[in-house]
Amino acid sequence: MKFNIETERLILRDILLTDEQAWFEMDSHADVHRYLGNNPIKSIAEVPAIIEMVQQQYLDNGIGRWATIEKSTGKFMGWSGLKLIKEYENGHINYYDVGYRLHPDFWGKGYATEACNAALEYGFTHLKLKEIIGTVNEKNEASKRVLSKCGLTFIEKFLWRDIPCDWMKITSEEWRQRK
């Protein structure tokens with residue numbers, strides 16, 4: 001295992017093929033995709049390719065989304081963490097994005113904020129990043145609150161796959177001032 005990060009309530013680790021069933025339960029849930037284009041996965045057969053793609057990101061980029069595990073139960077909640085974005089988005093390329101996707105059973109409990117804060121700490125202390133971006137559907141108030149609580153500030157509006165979104169950012173200096 002490359003990643004094994006613990007917070008007060010979470011274990012953040014590599015995503016494994018053994019996470020397949022729990023990943024499917026999370027990513028096939030319609031509510032999870034409400035602000036992502038309403039296109040949940042339809043079959044568990046889709047999951048291994050997704051997991052292998054994330055595992056390849058670990059090898060190629062030294063980072064990728066992490067399995068987000070509830071420490072007290074050992075349950076797979078979803079994913080969180082950093083991803084190097086290598087495609088042009090909103091006029092940017094080769095930037096680090098902080099993100100999370102959790103099963104609705106774990107919403108509203110502060111887990112996304114806890115995972116986001118851990119990802120920022122990892123990015124700024126271990127990867128020595130200068131800035132981290134967060135993007136969110138402009139209608140997703142809960143995720144905008146998470147990013148704001150973690151110190152990301154609104155920069156501008158942009159379209160992601162024809163969906164109006166907010167581009168948010170935090171610099172290493174801003175993060176250090178918050179510590």
Side-chain angles (χ1 to χ4, degrees), residues 3 7 9-58 63-90 95-120 132-150 152 154 156-168:
F3 301 104
T7 67
R9 301 178 299 158
L10 303 174
I11 296 170
L12 307 171
R13 61 156 172 80
D14 297 25
I15 294 171
L16 307 171
L17 286 173
T18 54
D19 296 321
E20 178 182 65
Q21 181 63 41
W23 183 295
F24 175 71
E25 290 169 13
M26 178 269 303
D27 219 16
S28 64
H29 201 289
D31 287 342
V32 170
H33 285 266
R34 180 183 317 142
Y35 300 110
L36 302 171
N38 292 313
N39 191 26
I41 61 174
K42 308 279 190 272
S43 164
I44 196 166
E46 297 174 62
V47 177
I50 297 169
I51 291 174
E52 288 169 5
M53 179 184 67
V54 174
Q55 292 173 336
Q56 191 62 48
Q57 291 169 3
Y58 299 153
I63 195 68
R65 306 298 196 197
W66 302 316
T68 303
I69 309 299
E70 186 178 43
K71 194 185 282 188
S72 65
T73 64
K75 288 183 181 176
F76 177 95
M77 304 162 61
W79 58 255
S80 62
L82 299 171
K83 179 180 178 183
L84 176 62
I85 306 296
K86 294 178 161 183
E87 304 84 34
Y88 273 100
E89 188 66 61
N90 192 30
Y95 63 90
Y96 289 85
D97 172 79
V98 63
Y100 39 85
R101 188 177 300 174
L102 303 178
H103 189 282
D105 288 351
F106 301 100
W107 292 359
K109 299 175 181 171
Y111 290 127
T113 302
E114 191 170 329
C116 183
N117 277 322
L120 294 177
I132 296 174
I133 301 299
T135 61
V136 59
N137 183 311
E138 70 178 8
K139 295 179 182 175
N140 190 340
E141 295 299 327
S143 273
K144 286 198 286 189
R145 276 192 305 277
V146 167
L147 293 175
S148 292
K149 282 187 215 175
C150 293
L152 283 83
F154 173 81
E156 62 189 347
K157 300 256 181 224
F158 76 105
L159 286 177
W160 174 76
R161 300 180 185 170
D162 297 324
I163 299 171
C165 292
D166 290 352
W167 185 270
M168 300 177 74

Item checked: Spacing of CE belonging to Met77 relative to CZ belonging to Arg9, to within rounding of 0.5 Å -> 7.5 Å

Check: Can you find a pair of side-chain heavy atoms, one from Pro164 and one from Asn137, that are under 4.5 Å apart?
Finding: no

Notebook entry, point to check: Are Tyr111 and Tyr100 close enough that their ring centers fall under 6.0 Å?
Noted result: no

Checklist line | Euclidean distance, Phe106 CZ relative to Thr73 OG1, rounded to 0.5 Å | finding: 5.5 Å

Next item on the list: State, yes or no, whether a side-chain contact exists between Leu102 and Trp107 at a heavy-atom distance under 4.5 Å.
Entry: yes

Next item on the list: Find the distance between CD (Glu156) and SG (Cys165) and round it off to the nearest 0.5 Å.
Entry: 12.0 Å

Check: Any salt bridge (Lys or Arg N to Asp or Glu O under 4.0 Å) pairs touching residues 28-37, not counting sequence neighbours?
Finding: Asp31-Arg34

Margin query: Quick check: closest heavy atoms across Pro40 and His33, and the distance to 0.1 Å?
Written below: CA-CD2, 3.4 Å

Checklist line | Closest non-hydrogen atom pair between Gly134 and Leu152, with its separation | finding: N-CD2, 3.5 Å

Note to self: Taking side chain to side chain donor-acceptor pair (under 3.5 Å) as the definition, give me every residue that meets it alongside Tyr35, ordered by chain and number, with sequence neighbours left out.
What the structure shows: none

Notebook entry, point to check: Are any of the side-chain heavy atoms of Ile133 and Asn90 separated by less than 4.5 Å?
Noted result: no

Notebook entry, point to check: To the nearest 0.5 Å, how far apart are CD1 in Ile163 and CG in Leu36?
Noted result: 7.0 Å

Notebook entry, point to check: Any idea which heavy atoms bring Pro48 and Ile44 closest together, and the distance?
Noted result: CD-O, 3.4 Å

Notebook entry, point to check: When you look at NZ of Lys71, are more than 12 heavy atoms from neighbouring residues, nucleotides or ligands closer to it than 6.0 Å?
Noted result: yes

Next item on the list: Using side chain to side chain contact (heavy atoms under 4.5 Å, CB included) as the criterion, list what pairs up with Glu46, not counting sequence neighbours.
Entry: Ile41, Lys42, Ser43

Check: Quick one: side chain to side chain donor-acceptor pair (under 3.5 Å) pairs with a partner in residues 47-57, sequence neighbours left out?
Finding: Gln56-Asp60

Item checked: Which residues share a ring pair (Phe, Tyr, Trp, His ring centres under 6.0 Å) with Tyr95, sequence neighbours left out -> Trp167

Check: With side chains defined as the heavy atoms from C-beta onward, is the minimum distance between Arg65 and Met53 less than 4.5 Å?
Finding: no

Next item on the list: Please list, chain by chain and in numerical order, all residues satisfying side chain to side chain donor-acceptor pair (under 3.5 Å) with Trp23, sequence neighbours excluded.
Entry: Asp27

Check: How many angstroms lie between OG1 in Thr135 and CG in Asn140, if you round to the nearest 0.5 Å?
Finding: 10.5 Å

Next item on the list: Report the residues that fulfil side chain to side chain donor-acceptor pair (under 3.5 Å) with Ser148, sequence neighbours left out, ordered by chain and then residue number.
Entry: none

Item checked: Results of ring pair (Phe, Tyr, Trp, His ring centres under 6.0 Å) for Phe24 - residues two or more places apart only -> none

Next item on the list: List in chain and number order the residues that pass side chain to side chain contact (heavy atoms under 4.5 Å, CB included) with Ala22, two or more places apart in sequence or in another chain; answer none if no residue qualifies.
Entry: Phe76

Residues 79-89, side-chain donor-acceptor partners within the protein, below 3.5 Å, at least two apart:
| residue | atom | partner | partner atom | Å |
| --- | --- | --- | --- | --- |
| Ser80 | OG | Thr68 | OG1 | 2.7 |
| Lys86 | NZ | Asn61 | OD1 | 2.8 |

Next item on the list: List for me each residue that meets side chain to side chain donor-acceptor pair (under 3.5 Å) alongside Asp19, sequence neighbours excluded, and say none if there are none.
Entry: Arg13

Check: Excluding sequence neighbours, so at least two apart, what forms side chain to side chain contact (heavy atoms under 4.5 Å, CB included) with Ser72?
Finding: Glu70

Next item on the list: Determine whether more than 12 heavy atoms belonging to other residues, nucleotides or ligands lie under 6.0 Å from atom NZ of Lys139.
Entry: no

Notebook entry, point to check: If every non-hydrogen atom of Cys150 is compared with every non-hydrogen atom of Leu120, which pair is closest and at what distance?
Noted result: O-CD1, 3.4 Å

Margin query: Return the CD1 to NZ distance between Ile69 and Lys75, rounded to the nearest 0.5 Å.
Written below: 12.0 Å

Next item on the list: Kindly say whether Glu138 contributes a backbone atom to a donor-acceptor pair with the side chain of Asp166 at under 3.5 angstrom?
Entry: no

Note to self: For Leu12 versus Ala118, what's the shortest heavy-atom pair and its separation?
What the structure shows: CD1-CB, 3.6 Å

Check: Hey, are the side chains of Ile50 and Ile15 touching, using non-hydrogen atoms and a 4.5 Å cut-off?
Finding: no

Note to self: Within the structure provided, determine whether Ile11 and Trp66 are in side-chain contact (heavy-atom separation under 4.5 Å).
What the structure shows: no

